[in-house]
Structures are given as structure tokens and as C-alpha cells.
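Nothing fancy with the numbering, it's 1 onward along the sequence. Owing to the predicted nature of the structure, the values given are computational and were not obtained by experimental measurement.
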Amino acid sequence: AARPRTIVLPLAAWTAPLRAGGEVELAPGERVPAATLLFLDHLHPNPLGLWYLLTRVDAALEAELAVVPGALVFARP
């Protein structure tokens with residue numbers, strides 16, 4: 001990123017399984033249809049979908065900004 005301590009989150013890549021009718025991996029070996037992470041409006045994440053996105057953001061922060069692993073903890077619904 002052009003600014004220090006700033007990252008660009010790859011939201012398009014993260015939501016690609018939704019557009020393709022694919023699956024996502026919630027945990028090692030646990031795959032679910034991406035559509036199950038959305039509310040009935042198929043626009044907004046449900047609680048599990050929000051948890052999934054937050055864990056992806058957390059992983060990006062750890063990888064790109066050297067945030068200490070475990071600094072952010074999100075309880076899985």
C-alpha cells in the first residue's frame with residue numbers, strides 16, 4: 001500500500017466463491033457452501049459470515065502489518 005501501516009484487503013477474492021456458487025474453508029478441513037454465510041437477502045453476511053470475514057481480516061493484519069497473532073480474537077457463533 002502507498003501509506004505506511006495500511007493494507008488493501010482483497011475483498012473481491014474473498015467473495016469470489018459467492019459469485020461462483022463455490023465453497024469456503026472455515027477451518028482446516030471444514031468446507032461449507034459460501035451462500036450459507038449470507039442472510040436471506042443474499043447481500044449481507046449472517047453471524048457466521050461476519051466471523052469468517054473478521055478472521056480473514058485478522059489473518060491479513062497478522063501477515064501484512066505484523067499484528068501479534070491472537071491480538072484479535074473473534075468468537076465463532
Side-chain angles (χ1 to χ4, degrees):
R3 294 189 197 180
R5 300 198 48 81
T6 302
I7 62 172
V8 176
L9 298 173
L11 292 176
W14 292 351
T15 59
L18 289 170
R19 293 188 309 276
E23 293 183 335
V24 295
E25 188 170 51
L26 295 179
E30 181 185 4
R31 299 189 67 78
V32 299
T36 64
L37 303 179
L38 295 174
F39 273 119
L40 294 176
D41 66 4
H42 292 270
L43 180 62
H44 298 95
N46 62 24
L48 186 59
L50 182 58
W51 175 83
Y52 172 75
L53 287 175
L54 289 174
T55 59
R56 300 297 300 258
V57 170
D58 182 41
L61 292 174
E62 290 174 5
E64 300 294 327
L65 296 180
V67 170
V68 176
L72 301 173
V73 177
F74 305 103
R76 183 174 174 169

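- The hydrophobic cluster containing F39 does not contain L18, counting ILVMFWY residues as joined when their side-chain heavy atoms lie under 4.5 angstrom apart, directly or transitively.
- Nearest heavy-atom pair across N46 and T36 is ND2-O, 2.8 Å.
- Within a 6.0 Å sphere centred on CG of L43, heavy atoms belonging to other residues, nucleotides or ligands number more than 12.
- Linking Ile, Leu, Val, Met, Phe, Trp and Tyr residues whenever their side-chain heavy atoms come within less than 4.5 Å leaves V57 and L38 in two separate clusters.
- L72 is not listed as a side-chain neighbour of L54, based on a closest heavy-atom distance of 4.5 Å or more.
- Atom CZ of R19 has more than 12 neighbouring heavy atoms from other residues, nucleotides or ligands inside a 6.0 Å radius.
- Among all heavy-atom pairs drawn from F74 and T55, the shortest one is CD1-N, 4.5 Å.
- Sorted by first and then second residue, the salt bridge (Lys or Arg N to Asp or Glu O under 4.0 Å) pairs with a member in residues 25-47 read E23-R31, E30-R76; sequence neighbours excluded.
- Using modelled atom types, one side-chain atom of T6 and one backbone atom of P4 make a donor-acceptor pair closer than 3.5 Å.
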Run the side-chain contact (heavy atoms from CB on, under 4.5 Å) test on L48 and L26 for me, step by step, so that the C-alpha distance in whole Å, both residues' side-chain angles and the decisive distance to 0.1 Å come before the verdict.
CA-CA 9 Å; L48 186 59; L26 295 179; 3.9 Å; yes

